[in-house]
2 protein chains.
Amino acid sequence: MQTEISQLLSDTVIALFQANGKLLEWGDAFTAPYGLTSARWQILGAIALASHQLTAPQIAEQMGVSRQGAQKQLNLLLEDGLLEKLPNPSHLRSPLYRLSTQGSALFERVNQAWQVHAAKSGAAFTEQALATTLHTLRLIAQLHEMPPQGEHDET
Amino acid sequence: MQTEISQLLSDTVIALFQANGKLLEWGDAFTAPYGLTSARWQILGAIALASHQLTAPQIAEQMGVSRQGAQKQLNLLLEDGLLEKLPNPSHLRSPLYRLSTQGSALFERVNQAWQVHAAKSGAAFTEQALATTLHTLRLIAQLHEMPPQGEHDET
DNA sequence: CCAACAATGAAAACCAGTTGTCAATTATTC
DNA sequence: GAATAATTGACAACTGGTTTTCATTGTTGG
């Protein structure tokens, strides 16, 4: 029995996949002039917008990706000199990460360009529609939350 | 100048990424009992719901992935016996794909389970909210459409 | 007809993520 | 304080996608 709402939900999920693909592709092109990719930009953002310095597992957590996945990008960004490690006073093995001078300047530039874009394309939406979409997306994510059976994270 | 709407847009994009991740993860778990993954399911769906038989490039187009990416999965699904090639009367090299008996039965089962889930979780949303979300997502996708400079697809 | 060009499948290299394993460090508990 | 458990970084293998390249097949124009 295909109800109206369940059909809408199916369509929404498909639209979500497509929007995700377009955004990643767009983000890659958008950040390419700065020598970045969507993935790198996302990590820089996570670090830049954090209120304090973060360890690798904290960054992964905050981004919703695996610890190892975040670490991979962190190592690459370190090689590129966009990040730097600080010794973690309370953890010998697990350094804190912050933007290097270079990384900070770069992120600043990208972020400013993004703000311009967001302000411009924001004109295509009503505040009401965006608020509803945001809420619905969060609900969808929550509804499809998987029981955490990862490494040994939860109790 | 961070307007209210551009902040909402940024938050929505982040929520979109997270929902996408959760859905893929959920889809993998959901289809695992049937021996599928999110990716395989998506391809079966594209073929099953098409009004006529499709070639590999058509399937890729319809899914919004690259020709080569779709081909990869098609070959795997062929190996698994879920699809079969039909000789294409108007194209020697480019066969048409359709679900095999086995693939058809499998998709039927998965799809029925999905319908149950969609009907159940649809209860969490109002029709209005879903419609707005669907529309907004399509608008986001459209706004971030990249100028096609691919192989030599577009005119 | 046939020469140029487009579309197709196949394969390889790569990107970005995942899980699993392992050794080392940190935290907990008795 | 020592044994045990959890956290962490590094590495390898895998998934699913991308682009690039190549040989082959269709298509089209002279």
Side-chain angles (χ1 to χ4, degrees), chain A residues 17-18 20-29 31-32 35-43 54-61 63-80 85 87-97 146 148-155, chain B residues 17-18 20-29 31-32 35-43 54-61 63-80 85 87-97 146 148-155:
Chain A
F17 286 148
Q18 289 176 344
N20 182 76
K22 304 283 189 197
L23 279 173
L24 284 183
E25 189 188 5
W26 179 90
D28 281 340
T31 55
L36 291 177
T37 63
S38 291
R40 307 272 181 102
W41 180 24
Q42 221 180 326
I43 295 229
L54 300 172
T55 65
Q58 286 169 343
I59 292 166
E61 161 87 12
M63 294 179 58
V65 303
S66 74
R67 178 174 67 85
Q68 296 89 331
Q71 185 78 57
K72 229 190 219 178
Q73 291 296 339
L74 286 173
N75 290 341
L76 292 174
L77 287 170
L78 272 175
E79 276 180 21
D80 287 355
K85 286 193 224 188
N88 184 346
S90 59
H91 216 296
L92 278 197
R93 283 196 77 194
S94 196
L96 297 165
Y97 292 88
M146 291 296 296
Q149 57 182 13
E151 294 180 297
H152 28 259
D153 223 40
E154 256 70 4
T155 64
Chain B
F17 286 148
Q18 288 176 344
N20 183 75
K22 302 286 187 192
L23 278 172
L24 284 183
E25 188 188 6
W26 180 88
D28 281 341
T31 55
L36 291 176
T37 63
S38 290
R40 308 275 181 98
W41 180 24
Q42 224 179 324
I43 296 229
L54 301 171
T55 65
Q58 286 169 341
I59 292 166
E61 163 84 15
M63 294 178 58
V65 302
S66 75
R67 179 174 68 84
Q68 296 87 334
Q71 186 78 56
K72 226 191 220 179
Q73 291 296 338
L74 286 173
N75 290 341
L76 293 174
L77 287 169
L78 273 175
E79 276 180 21
D80 287 355
K85 288 193 221 187
N88 185 346
S90 59
H91 219 295
L92 276 196
R93 282 197 78 194
S94 195
L96 297 165
Y97 293 87
M146 290 295 297
Q149 59 181 15
E151 291 179 302
H152 27 261
D153 225 38
E154 255 74 1
T155 67

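Below, read A as the first sequence line, B as the second, and so on, with proteins coming before strands; counting in each chain starts at 1. Being a predicted model, the structure only gives us computed values, none of them experimental. Only heavy atoms go into these numbers, but all of them, side chains included; no hydrogens, no water, no symmetry mates.
Residue-level contact check: A:T37 touches the backbone only, with heavy atoms under 4.0 Å from sugar-phosphate atoms and none from bases. Across all strands shown, A:S66 has heavy atoms under 4.0 Å from base atoms, whether or not it also approaches the sugar-phosphate.
Residues A:A70 and A:S94 each lie close to DNA chain C; by heavy-atom proximity, the contact nearer the 5' end of the strand is made by A:A70. When the nearest nucleotides of DNA chain D are assigned to A:A56 and A:E25 by heavy-atom distance, the more 5′-ward of the two goes with A:A56. Where A:Q73 and B:K72 meet DNA chain C, the nucleotide closest to each residue was compared, and B:K72 sits on the side nearer the 5' end.
The distance from atom NE2 of B:H91 to atom P of C:dG9 is 8 Å, rounded to the nearest whole Å. In this structure, A:L24 atom CG and D:dT19 atom P are separated by 13 Å, rounded to whole Å. Spacing between atom CG of A:L92 and atom P of D:dG9 amounts to 12 Å, rounded to whole angstrom units. Distance B:E61 CD to C:dG9 P: 14 Å, rounded to the nearest Å.
Closest to the A:A39 side chain, of the nucleotides C:dG9, C:dA24, C:dG17, is C:dG17. When distances are taken from the side chain of B:R67 to each of C:dA10, D:dC11, C:dG17, the shortest belongs to C:dA10.
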- [ ] Under the side chain to side chain donor-acceptor pair (under 3.5 Å) rule, what do A:D28 and A:T37 come out as? Steps first, then yes or no, please.
- [x] CA-CA 5 Å; A:D28 281 340; A:T37 63; 4.7 Å; no
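Below the 3.5 angstrom threshold, one finds no donor paired with an acceptor across the side chain of A:R93 and the base of C:dT25. The base of C:dT19 lies outside donor-acceptor range of the side chain of A:Q68, with no N or O pair under 3.5 Å.
Between A:Q71 and D:dG9 there is a side-chain polar atom (N or O) within less than 4.0 angstrom of OP1 or OP2. Side-chain N/O atoms of A:N75 include one lying less than 4.0 angstrom from OP1 or OP2 on D:dA10.
Contact of the B:L54 side chain with the B:Y97 side chain is not registered, since no non-hydrogen atoms from C-beta on lie closer than 4.5 Å.
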